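The next block holds one structure in the form of structure tokens; read it before the comments.
Worth saying up front: this structure is predicted, and the values here are computed from it rather than measured. So that the names make sense, note that chain A is the first sequence line, chain B the second, and so on, each numbered from 1.
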Amino acid sequence: MKLTLNIWRQSNVQAKGKFETYLLEDLDSHMSVPEMLDHLNDKLIKNRKDPVAFDSDCREGICGQCGFVINGHVQSPEEHATTCQTHLRSFKDGDVLNLEPFRAKAFPIKKDLCVDRTAFDRIIAKGGYISVNTGQAPEANGILIGHEEAEKAFDAASCIGCGACVAVCKNASAALFTSAKISHLSMLPQGKIEAKKRAVAMVEQMDKEGFGACSFTEACEAVCPQSISISHIVTMNKEYWKSSK
Amino acid sequence: MLNSKVPPGPIQEKWTQYKANCKLINPSNRRKYKVIVVGTGLAGSSVSSSLSELGFQVEVFTFHESPRRAHSVAAQGGINAAKDYKNDGDSIWRMFYDTVKGGDFRSREANVYRMAECSLGLIDQAVAQGVPFAREYSGYLSNRSFGGVQVSRTFYARGQTGQQLLQGAYQALIRQSEVGLLTIHTRHEMLDLILEEGKAKGIVSRNLDNGQVKNHMADAVILATGGYGKIYYLSTLAMNCNATAIWRAHKKGAFFAAPSWTQFHPTSLPQMGEYQSKLTLMSESLRNDGRIWVPKKAGETRSAREIPEAERDYYLERKYPSFGNLAPRDISSRAAKEQIDAGHGIGPLRNAVYLDFSDAIQRDGKEVIAKKYGNLFGMYKKITGMDAYSEPMMISPSAHFSMGGLWVDYELMSNLEGLFVLGEANFADHGANRLGANSLLQACVDGYFIAPHTVMNYLAGEKPIQNKTSANSEKSIQDTEQRMAKLLSIQGNTTAEEFHKALGKVLYTKCGLSRKRSELLEAQKELKALQESFYKDLIVSGSSDVINFELEKAGRVEDYLELAQLIVEDALQREESCGAHFRVEHQTNEGEAKRNDQEFKYVSVWESTSEGEYKLHKELLDFEAIQISERSYK
């Protein structure tokens, strides 16, 4: 199978980037997108050219490390998939693929398709946890949580921190990411005590990092590899307004 | 003989007694001590936060951009604990026995008992952190069964248990970076261990964003850098998993135990082509409801649904009636290989077996099965494009977990004082085969409950380090910089990835699911030749002062090439079969692993001397609490 790739090349955060074109003729439709780039890099290296830098680790859609934009689709043209879970069978022989990094002020481009998402860690640091030290825990079945509640909390907690929600948002808002954590923890009895403090601190940090405001376009939910619901943003706003009164 | 420093007394009392007698440091003095932790998976994150909560200074290093990316995140099925919530006869003792037996009687009794003992508190800790384990409608915690046991002691969060536990540990870690004396260095790879008078006192790291090589001094070093199954290239591990930290420590004198004991996971997705970079795991929990079979006829060409019931061989149910599809991993993987080798393999490359849910769907309905395994079926579809509700999954064994690792004593300290090794990076609890859902457990227990006590016990005898540098650390920095420069200077024609693939092929075929003396000897030669060609023909693009993934890879493959040779040496030395180590020369009439307790009731622990020789040390395995027997799952 044959594909033409237009890939964003940028040597570092200060440098100006541009698209470069590569033609690959010996591809297999079972290849994943990162495997296609491995293949391209192999050729580039042997031709004494700089390989394309792209992030990728688990290659099964759970670590949140990979992800870029393929023909305008954040992460993947497939529904709710990561870049590593996208295979060339999603494209037609002869297609042209434009590959570019996630674009958001709070995610500076480090090199080619790699962006810096450490802003997410700084948001979590402001309260994305339950303050329990090792050794303090009560007996696990002492905290009863209904099946549905546990499942809902899981849905929110399943966020992989990939940043697709930010990249797809016209405001580059991190509302889905931040709200998923706020919602996961505030939904559980053991997380309620710190809920107020948590919501305010995390939202403030989110703003400080330069993420934009949420205007409920629902684009984030549509691309989220874990299908996280925007209803968590409603929960976040509720928690925030409750606390800042 | 190595001394594992197991405390005296009955096995049930050992850990309690240890904790009662270990040395403590006054809370106000703890902040004077600094501990370095390398790795931010479950073991690394949990020990970092726990030590920081106690008041120690902690410096954490990870090559990832965020601690949350560590590969613990990918563990699917669950975590074991002897809570006996099911009233099905479980107990600490039974879990201990299952684990020792599962490891084919090649693990250290006292460590295993402690792991089972600490499993109860771990579930409590995780729940308190907000880990959303599966619950019954009544609100109580739910359990399921895993391979090698007859009780239901596995706690789970759908098929993403590792991710959820890691979230808990990551959040505890990141909280300490806010409220404690803890610093996190992301995108920093450990490339050397610094010793002062034989004790671990620091590391050399390379900043992967700008190439800066720097030393960091501390009073103790903890390695929690995971397993090295990726040495086989095709594996269930993440692309960046590597052995560099533990191998660099080994080169500085830390002994390596049972390097060849790698577990092959029976239910991963098969290889589909040469381009493939990894084999995705499908959780073992699927074997609760899925039935494994192959066509009875070798070379069968009909599709699964066209093959009538009578022409299918449910070989696990046939061979191991009492455990059936939940036979332990080593046995299930080997049985699959046996079928594939005999021509019963299915799929385009005839390298897989079926995992069939049609009976379960008929029995329980699609909805029930979807609720239990929906995300796994979804993942299967995303990767293969096939629907496992309507046709059986195709699965195949794949390199997965390292039972081997740096040797540690009861305190999880290596033979080098001050160097602790936690989680998959060490050798301790799993013997020659790990039971499913015990790896998350071991990583957590090591980090939350064991190392905080044993590290403090060690630090109590040390004076806090004052110097920021030393002659040894300067030399380590120089050596590391030279190593990077050397890799860049070869400028041949073969990429690190290609060397890695070639290395993986040698290990898969000659030191994989089964091992034979003559083939191991061939592997030795092939690996030597591959290593020689690495130094002549490697090509690494770019320079060392910018982001350079190729340079990172080349360094890891260089270390893998050395470790691979020790792996083969270890496999050759052990003239018996046990657990995942199957020497074809040593099998029973029925083709099962045949242990040789007379001669090999010990762990092989290796030292690499400065002359490039391997020196064998032994840790004798004393079984005081249980009767060691032939391992049977029939």
Side-chain angles (χ1 to χ4, degrees), chain A residues 12 28 30-31 34-35 38-39 42 45-46 48 50-51 53 56-65 78 81 85 87 89 110-111 114 116-118 120-121 124-126 128-134 136-141 143-147 150 153-154 157-158 161 184-185 188 190-191, chain B residues 49-50 53 64-66 68-69 71 73-74 85 121 123-125 127-130 132-137 139-141 157-158 160 163-164 167 171-172 174-175 177-178 186 209 238-240 272-273 275-278 280 379 382-383 385 448-449 452 493 495 497 539 541-542 546-547 549-550:
Chain A
N12 57 55
D28 187 305
H30 288 303
M31 274 181 171
E35 282 165 353
D38 289 345
H39 185 67
D42 186 74
I45 294 165
K46 286 182 178 154
R48 304 309 198 245
D50 195 24
S56 161
D57 200 30
C58 78
R59 297 202 174 177
E60 53 183 81
I62 193 70
C63 74
Q65 179 73 42
E78 298 294 330
Q85 290 172 311
H87 293 77
R89 57 178 174 267
K110 290 172 82 173
K111 191 179 180 190
C114 303
D116 179 348
R117 289 165 290 190
T118 46
F120 275 4
D121 289 329
I124 299 292
K126 291 298 167 193
Y129 41 73
I130 291 170
S131 300
V132 54
N133 284 0
T134 302
Q136 289 179 321
E139 154 61 35
N141 263 343
I143 308 170
L144 293 185
I145 302 165
H147 175 80
F154 178 95
S158 68
H184 157 216
L185 297 174
L188 297 169
Q190 60 273 45
Chain B
S49 61
S50 302
E53 287 160 12
H64 289 287
E65 63 146 6
S66 162
R68 66 181 296 155
R69 311 276 185 228
H71 196 54
V73 78
Y85 284 162
I123 300 301
D124 303 341
Q125 186 66 32
V127 167
Q129 289 173 341
F133 285 123
R135 299 269 174 168
E136 310 288 352
Y137 282 95
Y140 291 97
L141 285 152
R158 279 187 224 160
Q160 292 168 223
Q163 185 210 17
Q164 293 308 313
Q167 286 283 307
Q171 287 163 201
I174 215 122
R175 168 177 162 240
S177 74
E178 210 42 32
T186 56
D209 283 341
M239 299 307 288
N240 295 304
M272 302 296 270
Y275 53 82
Q276 202 153 330
S277 58
K278 85 159 273 168
T280 301
M379 191 161 139
K382 275 183 189 170
I383 292 169
Y448 286 118
F449 299 137
N493 278 308
T495 63
E497 195 92 358
I539 177 167
S541 51
V546 290
I547 295 175
F549 292 131
E550 284 306 306

Chain A: which of B/S50, B/P452, B/G273, B/S49 shares the most heavy-atom pairs with it under 4.5 Å? B/S50

Where does B/Y85 contact chain A at under 4.5 Å (heavy atoms): side chain, backbone, both or neither? side chain

Using a 3.5 Å distance criterion without hydrogens, assess whether the side chain of A/H30 forms a donor-acceptor pair with backbone atoms of B/Q276. no

Let me confirm one number: the CG-CG distance from A/N141 to B/D124, rounded to the nearest 0.5 Å. 9.0 Å

Which one, A/L188, A/I130, A/I145, leads in non-hydrogen pairs under 4.5 Å with chain B? A/I145

Sub-3.5 Å donor-acceptor pair from the side chain of B/K278 to the main-chain atoms of A/C58, do we have one? yes

Hits for side-chain hydrogen bond (donor to acceptor under 3.5 Å, both in side chains) against A/E35, two or more places apart or cross-chain, chain-then-number order -> A/S32, B/S277

Contact part of B/Q167 toward chain A, heavy-atom cut-off under 4.5 Å: side chain, backbone, both or neither? side chain

Look only at the side chain of B/Q164 and the backbone of A/F154, and say whether a donor-acceptor pair between them is shorter than 3.5 Å. no

Interface check, chain A: of B/M272, B/E136, B/Q160, most non-hydrogen pairs under 4.5 Å belong to B/Q160

Heavy-atom pair count under 4.5 Å with chain B, highest-scoring of A/S131, A/P138, A/P34, A/P51: A/S131

Which of A/D57, A/N12, A/D50 touches chain B most, by non-hydrogen pairs under 4.5 Å: A/D57

Can you tell me which of A/D116, A/L185, A/D28 forms the most heavy-atom pairs within a distance under 4.5 Å of chain B? A/D28

If you tally heavy-atom pairs under 4.5 Å between each of B/H64, B/M379, B/Q129 and chain A, the highest tally belongs to B/Q129

If every non-hydrogen atom of A/S56 is compared with every non-hydrogen atom of B/N240, which pair is closest and at what distance? O-ND2, 3.3 Å

With chain A, which of B/R68, B/Q163, B/Q171, B/R175 has the greatest number of heavy-atom pairs at distances under 4.5 Å? B/R175

Structural part of A/I124 lying under 4.5 Å from a heavy atom of chain B: both

For the backbone of A/D38 and the side chain of B/E497, can you confirm whether one donor and one acceptor N or O come within less than 3.5 Å of each other? no

Comparing A/G61, A/C114, A/G128, A/A150 against chain B, the one with the most heavy-atom pairs below 4.5 Å turns out to be A/G128

Of B/V546, B/T186, B/D209, B/V73, the largest count of non-hydrogen pairs under 4.5 angstrom with chain A goes to B/V73

Which one of B/G121, B/G139, B/S541 has the most heavy-atom pairs closer than 4.5 Å to chain A? B/G139

Given heavy-atom pairs under 4.5 angstrom as the criterion, report whether the side chain, backbone, both or neither of B/F549 touches chain A. side chain

Would you confirm whether B/R135, through its side chain, and A/L144, through its main-chain N or O, come within 3.5 Å as a donor-acceptor pair? no

Backbone N or O of B/V127 within a donor-acceptor pair of the A/Q190 side chain at under 3.5 Å? yes

Using side chain to side chain contact (heavy atoms under 4.5 Å, CB included) as the criterion, list what pairs up with A/D42, not counting sequence neighbours. A/K46, B/T495, B/E498

Does any heavy atom of chain A fall under 4.5 Å from the side chain of B/Q125, the backbone, both, or neither of them? both

Find the distance between CZ (A/R59) and CD1 (B/I383) and round it off to the nearest 0.5 Å. 12.0 Å

Bottom line for A/R48: the part with an atom under 4.5 Å from chain B's heavy atoms is side chain

Name the member of A/C63, A/A81, A/A53, A/G146 that forms the most heavy-atom pairs with chain B at distances under 4.5 Å. A/C63

